[in-house]
Amino acid sequence: MTNFQRARSEEQREVRRRAILDTTAAMLEEMPIGEVSLNELSRRVGLAKSNVLRYFESREAILLELLDRAWRQWVADLPALVRAGIDEDAPVHRRAEQFAAVIAGSLAQRRVLCDLLSAQAGVLEHNVSPQVAARYKRAAVANVADIAALAQQRLPELGDSAPQLTAAMIMAIGAVWTHARPSAAMLAAYEADPSLTAFKLDFVTALREMLATLIAGTIVRASA
């Protein structure tokens, strides 16, 4: 992992910490979250499991930090995508549809982010200390605020409801991602009985439609 056996300086500790994060990120590209274990991470990074836990208090703490990293990268890319994908002179219903399409399309190639978002409340926010939970939640609130500001810029009709809409959108992303990735047993059931494929979701299509509905409903409520 490094050319030193023991991290003695703050710089060396940071190098080791980043190596743990980068190795975990590489594992997430190969396997689902449930298969990422501290034992395998320790083996790949070249440290004892106890040494990994000196830098991060748990597997979930590592994954929460990677979620924030992936989320911030996504947020950084969104403004250019929104500028290119939304006609600011279009009527509100059209801009709402375009915003939903941009968000859904921007996630098509971000499997790790979607995996982590789908697991954040049920898995990643467990087995962490209050301090780690609070640090992650503050980062999540900031990420939501950045997307809300972008939404309000292109859809001023949202009024003060943009933050609530954005929080709902994040929950929708995780839910749709989970349902759009059926198990091997469910895929076999679809193949055996094609009538069941009515319940099989395409992630981008289903997310776009759900987000468009959320945005339209929020605008109606904001104008009431």
Side-chain angles (χ1 to χ4, degrees), residues 13-14 16-42 44-45 47 49-78 103-104 106-107 109-151 161-183 201 203 206-207 210-211 214 218:
R13 284 190 286 272
E14 181 59 23
R16 188 157 279 177
R17 189 173 182 278
R18 288 186 178 276
I20 293 169
L21 287 170
D22 291 344
T23 301
T24 308
M27 291 173 68
L28 287 170
E29 294 289 351
E30 302 173 15
M31 61 188 73
I33 289 170
E35 295 180 13
V36 174
S37 70
L38 281 177
N39 287 336
E40 178 61 13
L41 170 60
S42 300
R44 294 193 184 198
V45 85
L47 289 172
K49 181 177 173 180
S50 59
N51 283 340
V52 171
L53 293 174
R54 290 180 181 177
Y55 295 90
F56 297 92
E57 64 185 39
S58 65
R59 180 190 81 115
E60 289 74 18
I62 300 170
L63 294 172
L64 278 180
E65 186 146 343
L66 287 175
L67 171 53
D68 178 52
R69 178 200 284 184
W71 199 341
R72 285 187 284 108
Q73 289 170 344
W74 177 49
V75 169
D77 291 342
L78 277 178
I103 296 296
S106 72
L107 292 164
Q109 304 302 319
R110 296 178 187 265
R111 182 189 64 77
V112 170
L113 172 59
C114 294
D115 264 351
L116 291 168
L117 284 174
S118 71
Q120 68 168 344
V123 177
L124 305 188
E125 293 180 6
H126 299 257
N127 196 32
V128 293
S129 66
Q131 293 77 16
V132 167
R135 184 167 66 244
Y136 164 71
K137 194 57 71 174
R138 291 188 190 100
V141 168
N143 291 330
V144 166
D146 287 342
I147 301 173
L150 194 60
S161 300
Q164 293 89 338
L165 167 66
T166 304
M169 288 168 54
I170 297 302
M171 288 188 283
I173 291 165
V176 174
W177 180 256
T178 300
H179 286 282
R181 296 176 66 79
S183 66
L201 299 179
F203 173 67
L207 181 61
M210 183 175 288
L211 295 184
L214 281 172
T218 302

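Note that the structure is predicted; figures quoted are calculated from it, not measured.
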4.5 Å side-chain heavy-atom contact, Asp22 and Val45
no
Is there a side-chain contact between Arg16 and Leu47 in this structure, where contact means two heavy atoms from C-beta onward sitting under 4.5 Å apart?
yes
Side chain to side chain contact (heavy atoms under 4.5 Å, CB included) between Ile62 and Leu38, worked out:
CA-CA 10 Å; Ile62 300 170; Leu38 281 177; 4.2 Å; yes
Euclidean distance, [Y] [atom2] relative to [X] [atom1], rounded to 0.5 Å:
{"X": "Glu125", "Y": "Leu64", "atom1": "CD", "atom2": "CG", "answer": "6.5 Å"}
{"X": "Thr166", "Y": "Met171", "atom1": "OG1", "atom2": "CE", "answer": "11.0 Å"}
{"X": "Ile103", "Y": "Met169", "atom1": "CD1", "atom2": "CE", "answer": "4.5 Å"}
{"X": "Ile33", "Y": "Thr24", "atom1": "CD1", "atom2": "OG1", "answer": "11.5 Å"}
{"X": "Ile173", "Y": "Leu211", "atom1": "CD1", "atom2": "CG", "answer": "6.5 Å"}
{"X": "Glu65", "Y": "Phe56", "atom1": "CD", "atom2": "CZ", "answer": "5.0 Å"}

With a 6.0 Å cut-off (strictly less than), is the heavy-atom count around CD of Gln109, excluding the residue itself, greater than 12?
no
Can you establish whether the number of heavy atoms outside Met27 located under 6.0 Å from its atom CE is more than 12?
yes
Where is the tightest heavy-atom contact between [X] and [Y], given as atom of each residue plus distance?
{"X": "Val144", "Y": "Pro163", "value": "CG1-O, 4.0 Å"}
{"X": "Met31", "Y": "Glu35", "value": "SD-O, 3.4 Å"}
{"X": "Val128", "Y": "Ala133", "value": "CG2-CB, 4.1 Å"}
{"X": "Ala162", "Y": "Ala148", "value": "CB-O, 3.6 Å"}
{"X": "Asp115", "Y": "Arg181", "value": "OD1-NE, 4.2 Å"}
{"X": "Leu116", "Y": "Leu124", "value": "O-CD1, 3.7 Å"}

Please confirm whether the backbone N or O of [Y] pairs with a side-chain atom of [X], one donor and one acceptor, at under 3.5 Å?
{"X": "Ser129", "Y": "Val132", "value": "yes"}
{"X": "Ser58", "Y": "Asn127", "value": "yes"}
{"X": "Arg111", "Y": "Leu28", "value": "yes"}
{"X": "Thr23", "Y": "Ile20", "value": "no"}
{"X": "His126", "Y": "Ala121", "value": "yes"}

Residue list, side chain to side chain contact (heavy atoms under 4.5 Å, CB included) with Pro182, at least two apart or on another chain
Met186, Leu187, Tyr190
Taking ring pair (Phe, Tyr, Trp, His ring centres under 6.0 Å) as the definition, give me every residue that meets it alongside Phe203, ordered by chain and number, with sequence neighbours left out.
Trp177
Pair Val36-Leu41, side chain to side chain contact (heavy atoms under 4.5 Å, CB included): steps then yes or no
CA-CA 7 Å; Val36 174; Leu41 170 60; 5.6 Å; no
May I have the step-by-step check of side chain to side chain contact (heavy atoms under 4.5 Å, CB included) for Arg69 and Val112, ending in yes or no?
CA-CA 11 Å; Arg69 178 200 284 184; Val112 170; over 6 Å; no
Could you go step by step and tell me if Trp74 and Asp146 meet the side chain to side chain contact (heavy atoms under 4.5 Å, CB included) rule?
CA-CA 11 Å; Trp74 177 49; Asp146 287 342; over 6 Å; no
Indicate yes or no: does Glu14 engage Arg18 in a salt bridge with an N to O separation below 4.0 Å.
yes
Applying side-chain hydrogen bond (donor to acceptor under 3.5 Å, both in side chains), name anything that partners Ser37, two or more places apart in sequence or on another chain.
none
